[in-house]
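Read the numbers this way: they start at 1 and go in the same order the structure lists the ligands and their atoms. In what follows, residues are counted from 1 in the order of the sequence shown.
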Amino acid sequence: MQHILLDTDTGVDDALAIILALNSPELKVEAITSVSGNVHVDLCTRNLLMTLEALGVKEYPICAKGEAHPLIKPLVTAAHVHGSDGLGDVTRLLTSTGARRYPDPEPRLTAMSAVDLIIDLAGQYPDELVLVPVGPLTNIAKAMIKDPTRMRRIREIVLMGGAFETYGNVTTTAEFNIFVDPQAVQLVLDFGVPVTMVPLDVTHQVVLTGKRLQSEIGQRNDRLSQFLRDVTHTTMEFHQDREGVYGTYIHDALPIGLLTQPDFFETVEAFVQVETSSDLTQGMTIADLRPGRPHLKPNARICVGVNAEGFLQHFFNRILQ
Ligand code: RIB
Ligand code: CA
């Protein structure tokens with residue numbers, strides 16, 4: 001059993017990661033925290049709780065609200081991808097009686113901040129807690145600044161972020177989670193806790209098309225199936241307009257898969273650097289991945305390959321079980 005803390009900027013694919021994590025018996029989701037990214041943390045927090053309510057979760061993980069602003073940069077969001085509410089505009093959907101299909105959730109939040117909860121759990125589960133940040137790394141970096149002693153007991157950080165041998169998705173060179181708070185990423189890489197990065201190089205290989213979703217859930221009208229249709233529609237339309245494919249990436253689900261199904265993934269050790277100052281390339285992640293190149297002392301593991309179909313089938317097997 002792996003004890004994990006999922007740090008999210010929910011987010012359509014964050015919601016899918018939450019669903020997969022809660023349907024992974026190999027994992028004990030000790031907590032889910034929120035951070036500004038796809039949308040402001042106020043909305044990310046609401047979206048996290050709405051996702052848990054939509055799932056009809058009986059036993060909630062501890063949920064805590066996190067940082068509103070990156071360490072240094074002004075916040076950049078991605079509402080154009082995830083909808084103005086950050087959750088595929090599901091808050092606009094109405095039932096036949098005119099009520100909101102997804103009402104605002106019960107405020108099931110701990111009084112602790114995300115930063116303090118991360119530190120507290122690092123101390124409760126020394127050398128066991130795995131952090132899974134799937135948004136900007138602001139919460140993680142601030143926890144390291146505030147209590148380095150307890151944060152050194154983190155077992156591993158498995159994050160979604162970066163773009164090494166592929167273009168970025170925010171700028172030509174930068175992936176969103178790194179771009180929003182590059183200083184936080186550099187601090188986390190320098191801190192010394194083992195880091196595994198799941199970059200666009202692999203997450204862009206796993207596309208959930210509208211056709212595939214339909215073939216998996218068919219005419220099912222249970223809450224989860226309805227939520228999956230509703231929450232993915234906006235991002236599928238975005239990709240239809242931008243890339244001509246009615247589908248969406250499920251970026252944030254892949255780190256969960258790496259933890260429970262490592263055989264679907266290929267990783268390499270590398271020395272990773274982050275561009276934190278250039279206006280043109282800030283948020284770029286740099287590593288020399290050519291085989292046989294003498295690496296500077298590696299500071300991260302990078303996921304460079306994925307069995308895309310195998311993982312996608314696993315995703316559905318687990319969440320629709
Ligand atoms: O670049 C993709 C990442 O940015 C995902 O985590 C998505 O949710 C957004 O946060
Ligand atoms: Ca995310």
Side-chain angles (χ1 to χ4, degrees), residues 4-21 32-41 43-48 50-51 66-68 70 73 75-90 114 131-140 157-182 184-185 188 196-208 231-232 234-236 238-239 242-243 247-258 274 282-285 302-303 306 315:
I4 74 163
L5 181 146
L6 193 50
D7 188 50
T8 63
D9 61 334
T10 308
V12 172
D13 58 323
D14 304 67
L16 301 180
I18 291 168
I19 295 168
L20 180 59
I32 307 177
T33 50
S34 60
V35 66
S36 277
N38 287 319
V39 286
H40 187 274
V41 67
L43 292 182
C44 293
T45 308
R46 183 201 58 186
N47 295 343
L48 148 59
M50 275 175 76
T51 300
E67 298 300 307
K73 287 178 62 178
L75 177 61
V76 170
T77 59
H80 60 292
V81 180
H82 293 263
S84 54
D85 63 8
L87 200 57
D89 287 328
V90 296
L131 300 183
V132 185
V134 290
L137 291 177
T138 315
N139 288 340
I140 314 300
I157 296 170
V158 182
L159 68 91
M160 190 278 138
F164 292 92
E165 296 181 320
T166 188
Y167 287 108
N169 60 356
V170 185
T171 65
T172 308
T173 59
E175 179 278 325
F176 180 80
N177 290 338
I178 312 298
F179 178 81
V180 169
D181 199 342
V185 179
V188 168
T196 297
M197 302 180 75
V198 183
L200 295 179
D201 306 60
V202 292
T203 67
H204 271 168
Q205 295 180 42
V206 186
V207 181
L208 172 59
V231 81
T232 56
T234 303
T235 54
M236 287 190 179
F238 170 81
H239 289 295
R242 175 176 281 201
E243 300 170 11
T248 189
Y249 298 115
I250 60 172
H251 305 284
D252 295 345
L254 274 75
I256 303 299
L258 181 60
V274 187
Q282 63 177 290
M284 182 177 183
T285 48
I302 302 174
C303 194
V306 62
F315 172 77

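- Aromatic rings of His239 and Tyr249 (six-membered ring for Trp) have centroids within the 6.0 Å cut-off, being under it.
- Taking every heavy atom of Phe176 and a limit of under 4.0 angstrom, the matching atoms of ligand 1 come to 1 (O), 4 (O), 9 (C), 10 (O).
- No other N/O/S atom of Asp252 lies as close to the Ca ion (ligand 2) as OD2 does.
- Between the side chain of Asp252 and the backbone N or O of Ala17, no donor-acceptor pair lies under 3.5 Å.
- Remark: minimum distance from atom 8 (O) of ligand 1 to any protein heavy atom is reached at Asp13 OD1, 2.6 Å.
- The closest approach of Asp9 to the Ca ion (ligand 2), by N/O/S atoms, is made by OD1.
- The closest donor-acceptor contact from the side chain of Thr77 to the backbone of Gly37 lies at 3.5 Å or more, if one exists at all.
- Using a 4.0 Å cut-off between heavy atoms, Asp14 contacts ligand 1 through its side chain alone, with no backbone atom that close.
- In terms of protein heavy-atom proximity, atom 1 (O) of ligand 1 is nearest to Glu175 OE2, 2.5 Å.
- Side-chain polar atoms of Asn47 and Asp85 form no donor-acceptor pair below 3.5 angstrom.
- The backbone N or O of Val158 lies less than 3.5 Å from no partner atom in the side chain of Thr196, so there is not a single donor-acceptor pair.
- Counting only heavy atoms from C-beta outward, the side chains of Val132 and Asp7 never approach each other to under 4.5 Å.
- Listed by atom number, the atoms of ligand 1 under 4.0 Å from Val134 heavy atoms are 6 (O), 10 (O).
- At a 4.0 Å heavy-atom cut-off, ligand 1 touches Asn169 through the side chain alone.
- With the Ca ion (ligand 2) as vertex, Val134 O and Asp14 OD2 subtend 90°, rounded to 10°.
- Protein heavy atom closest to atom 6 (O) of ligand 1, with residue, atom name and distance, is Asp252 OD1, 2.6 Å.
- By the criterion of a heavy-atom distance under 4.0 Å, the side chain of Asn38, and not its backbone, is placed next to ligand 1.
- When side chains are defined from C-beta on, His204 counts as touching His251, because their heavy atoms get closer than 4.5 Å.
- For ligand 1, the atoms closer than 4.0 angstrom to any heavy atom of Met160 are 2 (C), 3 (C), 5 (C), 6 (O).
- Between the side chain of Thr10 and the main chain of Leu87, no donor-acceptor pair closer than 3.5 Å is present.
- Every atom of ligand 1 with a heavy atom of His251 under 4.0 Å away is listed here by number and element: 2 (C).
- Partner of Leu131 under the side chain to side chain contact (heavy atoms under 4.5 Å, CB included) criterion, chosen from Ile4, Thr33, Ile157: Ile157.
- Below 3.5 Å of separation, one finds an N or O of Asn177 facing an N or O of ligand 1.
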